[in-house]
Amino acid sequence: MTHTMRYKDLKKLVAEGEGLHIEFKRKVYYPQKILREVVAFVNTDGGKLCIGVSDNGLIPGLKYPDEAIYMMEKAMEDFCKPAVTYTIYRVAVPYTNGCEVVVFDFEPHPRRPIYLLYKKNTRVGKAYVRIADKSAQASKEMRKIMKARANEKDVLLQYGQHERTLLQYLGSHKRINVEEYANLVNISQAEASTILVNMTLANIIEVKPQEGGYDFFVHGRVGFKA
């Protein structure tokens, strides 16, 4: 089922530019390549994929919008697992002899992480998250955090010397990654990863994707000192 969107509302959306919640695509040449953005949206905070809009914000529309919708829906059905849900909006573009923009509106998925499969009918793929106006592969820690939160899994947090050292370090350095933390307290990266994940699930620290990887910070709501 599709809905209509007014052209003036589309123009307001496009004026915001590409970012955390908006992605432009001129056409659907290779739908599987676009699915990286789809998976990133549903694994993060949701977003709108506008097909028929150029990267520079021009709105030429699509001559064959039905074909674009079919190609995207078929690709999502074949390569996004678990299945993603979305709302489709069609926008008539004035003075283009019937061209339309198709907007796929994605909500955050309740069963994250969602994977982009390598091949149809396989169970192997990659999870992506949205970073600003780009999509990046989710780290092992991000996948564990998403899965635990989706399952509402209880966390048993042991607060010992390693955890105290982490918060003391973050009090002055603000950020840390898995490798740095493992070296800081002289433990394996696997152990460091587990501690960071559990403290994130306990809302003591938070993880934020960065251009070069993933960093952990003291949670914005935590008001105590280590």
Side-chain angles (χ1 to χ4, degrees), residues 1-117 125-138 142 146 207-212 214:
M1 181 177 179
T2 61
H3 303 267
T4 58
M5 179 186 292
R6 296 180 301 179
Y7 182 67
K8 69 176 184 178
D9 292 331
L10 174 67
K11 288 187 68 176
K12 290 180 182 178
L13 188 65
V14 172
E16 297 178 22
E18 290 186 307
L20 184 64
H21 302 104
I22 302 175
E23 176 76 21
F24 302 152
K25 294 296 180 185
R26 174 63 186 89
K27 292 184 179 180
V28 182
Y29 292 112
Y30 304 100
Q32 194 173 347
K33 291 185 176 181
I34 302 177
L35 296 187
R36 179 168 170 163
E37 278 66 51
V38 170
V39 169
F41 279 145
V42 298
N43 277 334
T44 312
D45 296 321
K48 293 179 174 62
L49 173 64
C50 304
I51 304 176
V53 179
S54 301
D55 289 341
N56 60 6
L58 295 178
I59 310 177
L62 300 168
K63 188 175 181 180
Y64 304 107
D66 290 327
E67 180 180 328
I69 291 173
Y70 172 79
M71 292 174 67
M72 284 299 301
E73 291 193 314
K74 187 68 170 67
M76 287 187 286
E77 180 182 347
D78 289 342
F79 296 102
C80 295
K81 301 298 177 187
V84 300
T85 58
Y86 48 86
T87 302
I88 300 176
Y89 296 90
R90 299 177 68 147
V91 189
V93 181
Y95 313 113
T96 58
N97 195 26
C99 290
E100 295 182 5
V101 169
V102 177
V103 180
F104 286 85
D105 189 1
F106 298 94
E107 294 291 329
H109 203 285
R111 294 173 59 195
R112 288 173 273 183
I114 306 303
Y115 290 88
L116 173 56
L117 304 183
K126 292 182 179 180
Y128 294 90
V129 293
R130 192 76 173 171
I131 306 174
D133 62 346
K134 295 180 174 59
S135 301
Q137 186 176 347
M142 284 290 296
M146 285 190 283
V207 60
K208 295 180 181 178
Q210 309 293 316
E211 289 294 340
Y214 291 82

Is the number of heavy atoms from other residues, nucleotides or ligands under 6.0 Å of Asn97 CG greater than 12? no

Counting heavy atoms not belonging to Lys27, are there more than 12 under 6.0 Å from its NZ? no

Using every non-hydrogen atom in the two residues, find where [X] and [Y] come nearest and quote the distance to one decimal.
{"X": "Glu107", "Y": "Val42", "result": "O-CG1, 3.7 Å"}
{"X": "Phe104", "Y": "Glu73", "result": "CE2-CG, 4.4 Å"}
{"X": "Ile59", "Y": "Val93", "result": "O-CG1, 3.4 Å"}

Is a side-chain N or O of [X] found less than 3.5 angstrom from the main chain of [Y], in a donor-acceptor match?
{"X": "Glu18", "Y": "Phe24", "value": "yes"}
{"X": "Arg111", "Y": "Ala83", "value": "no"}
{"X": "Asn43", "Y": "Tyr128", "value": "yes"}

Would you call the rings of Tyr89 and His3 parallel, tilted or perpendicular, where under 30° means parallel and over 60° means perpendicular? tilted

How about [X] and [Y]: do any of their side-chain heavy atoms sit closer than 4.5 Å?
{"X": "Ser54", "Y": "Pro60", "value": "yes"}
{"X": "Val102", "Y": "Met72", "value": "no"}
{"X": "Asn56", "Y": "Arg26", "value": "no"}

